[in-house]
Amino acid sequence: MGEQPEVPAAYAAGPVAALRRIAFLLERAREDTYKVKAYRGAAATILPLPDDEVARMVEDGTLTDLPGIGKSSGRVIAEAVRGETPSRLAELEAEHAGPLVPDEHGAHALHAALRGDCHSHSDWSDGGSPIEEMAITAIELGRDYQVLTDHSPRLKVARGLSAERLARQLDVVDAVNDHLGGAFTLLKGIEVDILDDGGLDQTEEMLDRLDVRVASVHSKLKMDRDAMTRRMVAATRNRHVNVLGHCTGRLVTGGRGTRPPSQFDARAVFESCAEHDVAVEINSRPERRDPPTELLELARDLGCIFSIDSDAHAPGQLDFLWYGAERAAAAGIEPERIVNTWPKDRLLEWATK
């Protein structure tokens, strides 16, 4: 007898889940954005449709008449409707699921210890997905909490949030948490710009309403070394600042090109972080790898605490914490010194010091 064709594995999660999972795996593998958007857009198209209507369109061969449904996404939908694991999903699970880094220096154990993420963005600023999509993905990744940290108003290119827009966002966060029912918490935060004089780009009133605040330099990255040092030290002394974000601002790879690190007295900045209980961010984005290794080790030696953050601007990027965990483990940083290994209540107690 000839070789029998392989029977697709059963699949019960439905076409929307299949499309979302494909988009997530592509994004996490840093594939082209247009591919990710195609699958996520297809999921959005069929989400409001009744199951029987989608099944009828599969049967009639009219799926691709819908806006945003192409040949590839249509095949995924058809296979999922038939209760089969879509072939594209099976391929991506085989290629891209699992740990993103090797298990060296205890990286996998450190990653497993991470309970949340203190730096993420939504489509309220320069992220690509709605708040609820980011929260649902964080839940699927097993997180206990996620801090939403959209940009502050000065960063106009990123649609930074005015005080009024931020206040509206906080109401949305409350609504999302009410809907989720308490097993997971979306925390209220901001990535606030550090102004030229070290001040913060948001009102005192709004900063007081937040759970966690990441402060980052996004402008005048080539500022004179002494001036940049004064700027960053002043920010770390601010009572509102919990995390010093991507401290050098460098870019080492990626579509935006490369950018050299800002120049400042790292010892003075990190000593101030240690004194004022400000966490130094280990930014997990592959194009940042910030701080550089020598500065990461200096902050370690000066007694700083840390936050391993994804700086995710899309759902699949939430899993970039693997890269930060790998760097922290290689530097020998103990889990206890990493604030997002802490339970939510301990994190909040620290952040409202």
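All residue numbers refer to positions in the sequence shown, counting from 1. Keep in mind it's a predicted model, so treat the numbers as computed, not measured.
For the atom pair CG of D52 and CD of E59, the computed distance is 13.0 Å after rounding to the nearest 0.5 Å. Atoms CD and CG, on Q146 and N340 in that order, are 9.5 Å from each other to the nearest 0.5 Å. For the atom pair CD1 (I194) and OG (S152), the distance works out to 10.0 Å, reported to the nearest 0.5 Å.
Few gaps surround CD on E91; more than 12 heavy atoms of other groups in view lie less than 6.0 Å from it. At most 12 non-hydrogen atoms from other residues, nucleotides or ligands lie less than 6.0 angstrom from CD of E205. At most 12 non-hydrogen atoms from other residues, nucleotides or ligands lie less than 6.0 angstrom from CZ of R267.
By the side-chain hydrogen bond (donor to acceptor under 3.5 Å, both in side chains) test, R300 pairs with no residue at all, sequence neighbours left out. In this structure, the salt bridge (Lys or Arg N to Asp or Glu O under 4.0 Å) partners of R40, at least two apart in sequence or on a different chain, are E27.
Using a 4.5 Å heavy-atom threshold, the side chains of Y323 and I308 count as separate. The closest side-chain heavy-atom distance from R213 to Q202 is not below 4.5 Å. S129 is listed as a side-chain neighbour of M134, based on a closest heavy-atom distance under 4.5 Å.
Put simply, the side chain of Y11 gets close to the backbone of A18: a donor and an acceptor are under 3.5 Å apart. Under a 3.5 Å cut-off, the side chain of T258 and the backbone N or O of L251 do not form any donor-acceptor pair.
Applying the salt bridge (charged side-chain N to carboxylate O under 4.0 Å, His left out) test to pairs two or more places apart or on separate chains, those with a residue in residues 235-244 are E204-R239, D208-R239.
For S72 and R88, the side-chain atoms include no donor-acceptor pair closer than 3.5 Å. Under 3.5 Å, the side chains of E191 and H246 contain a donor-acceptor pair of N or O atoms.
Residues H151 and W124 place their aromatic rings such that the two centres sit no closer than 6.0 Å.
For the side-chain contact (heavy atoms from CB on, under 4.5 Å) with R143, the lone residue among L186, T185, L318 that qualifies is L318. A side chain to side chain donor-acceptor pair (under 3.5 Å) with K188 is found for exactly one of D211, D174, T149, namely D174.
For the pair R231 and D196, the salt-bridge criterion is met [side-chain N within less than 4.0 Å of a carboxylate O].
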